[in-house]
2 protein chains.
Amino acid sequence: MRNQGPEMEIVHLLRAVTVELGLRSARFASHNGMHPTDVRALIELMDASRAGEEMTAGRLGAALGLNSAGTTSLLDRLEGAGHVRRVRGRQDRRKVVVEVDERAVELGWSFFGPLIGKAVELLQNCDEREREAIRGFLEGMREASAGGE
Amino acid sequence: MRNQGPEMEIVHLLRAVTVELGLRSARFASHNGMHPTDVRALIELMDASRAGEEMTAGRLGAALGLNSAGTTSLLDRLEGAGHVRRVRGRQDRRKVVVEVDERAVELGWSFFGPLIGKAVELLQNCDEREREAIRGFLEGMREASAGGE
DNA sequence: TCGAATATCTCGCTCAGCGAGATAATACGG
DNA sequence: CCGTATTATCTCGCTGAGCGAGATATTCGA
């Protein structure tokens, strides 16, 4: 193996976390008659709403790596299930602003709530320096994985 | 919003990392004529090989959340592309042991290598206590997300 | 030795997502 | 203002990943 320092355990741990989160998300999806992409869309929508930003059809599709046709059918699915509403943009009426239904937000929280609670609990048992180390590591990994190519 | 302590920034950061890793994995997949599931399968296979365990068709399918039919077609795909070989189990000849081709391992490293390098670099700039904090946080999140329901 | 259990495969089907192109609204040079 | 380029979304037809049902082959237990 290329590297076998004590760092590798943490690297594999991070990968394991992403795998487990993905599987849990898939289980939640099929349990609620949704597809993995629908759950990812809901996450993006809740995140945008939390940041106070409008989410358009195009931005959502780009965030999920879908083309426009796939985005349309995703929105058809979500709208048909009553999770979102399509609203024409006010200034630019070509755009479709996607609004999340309150019950879909509740559904999302029933899924993420316990995980978030556990995370907050773990972080509250850290002192400031430890929290900063965790934050720095995650921030670094996000930048490394977001990068181009 | 339900909670707005300083912990939430880290929670969202963790989610952002998993999203970015997923997108990067999808880009890598399409860039190599593969599907996201194929990449996930390769990860599982390399992980098992690293742990010195044999990976059978059934175990692989279970790890990915596929049924037996989907697993068979996944293996057909991977075998057709030359990434894996099917080998009948020696003691139990119902089983199919999946062996990864060396070139597929190289392909995997070309994708994960830079990310792993960045992670190791970040971790080497930490002292022992900070590393332990990161390890503990990820371990806790893995346990929380792995749990049943 | 025989039936139950287990591992994988085959067959037919559904539907997520793609490519190509239509439609509609906006931006902008002349 | 007009015509053209650009942008945002949608429609249509299609491919193929993954599912359910059931077939096949191997092993285990009474």
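Remember, it's a predicted structure, so these values are computed and weren't measured experimentally. We name chains A, B, ... by the order of the sequence lines, and we start the count at 1 in each one.
Between the CZ atom of B/R88 and the C1' atom of D/dT27 there is a distance of 13 Å, rounded to whole Å. Distance B/L75 CG to D/dG16 C1': 17 Å, rounded to the nearest Å. Between the CG atom of B/L60 and the P atom of C/dC9 there is a distance of 11 Å, rounded to whole Å. Atom CG in B/L64 sits roughly 13 Å away from atom P in C/dT8 (whole-Å rounding).
Annotation: the span from A/F137 atom CZ to A/E132 atom CD amounts to 14.0 Å, rounded to 0.5 Å. The CD1 atom of A/I134 lies 14.0 Å from the CZ atom of B/R131; values are rounded to the nearest 0.5 Å. To the nearest 0.5 Å, the span separating SG on B/C126 from CZ on A/R129 amounts to 9.5 Å. How far NZ of A/K95 is from CE of A/M55: 12.0 Å, rounded to the nearest 0.5 Å.
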Fill in: Footprint string (nucleotides 11-19 of chain C, 5' to 3'): B base within contact, S backbone only, - free, heavy atoms under 4.0 Å
-----SSBB
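Pairing each heavy atom of A/V39 with each of A/A29, the nearest pair is CG2-CB, 3.5 Å. Across all non-hydrogen atoms, the minimal contact from B/T18 to A/T18 is CG2-CG2, 3.8 Å.
Side-chain heavy atoms closer than 4.5 Å link hydrophobic residues (I, L, V, M, F, W, Y) into clusters, and following such links, possibly through other members, connects A/V100 to A/I43.
Nucleic acid contact for B/R86: sugar-phosphate only, since backbone atoms but no base atoms lie under 4.0 Å from a heavy atom of the residue.
Within residues 90-100 of chain B, the residues having any heavy atom under 4.0 Å from DNA chain C are, by residue number, B/R94, B/K95, B/V96.
No salt bridge links A/R103 with A/E106; every basic N to acidic carboxylate O contact stays at or beyond 4.0 Å.
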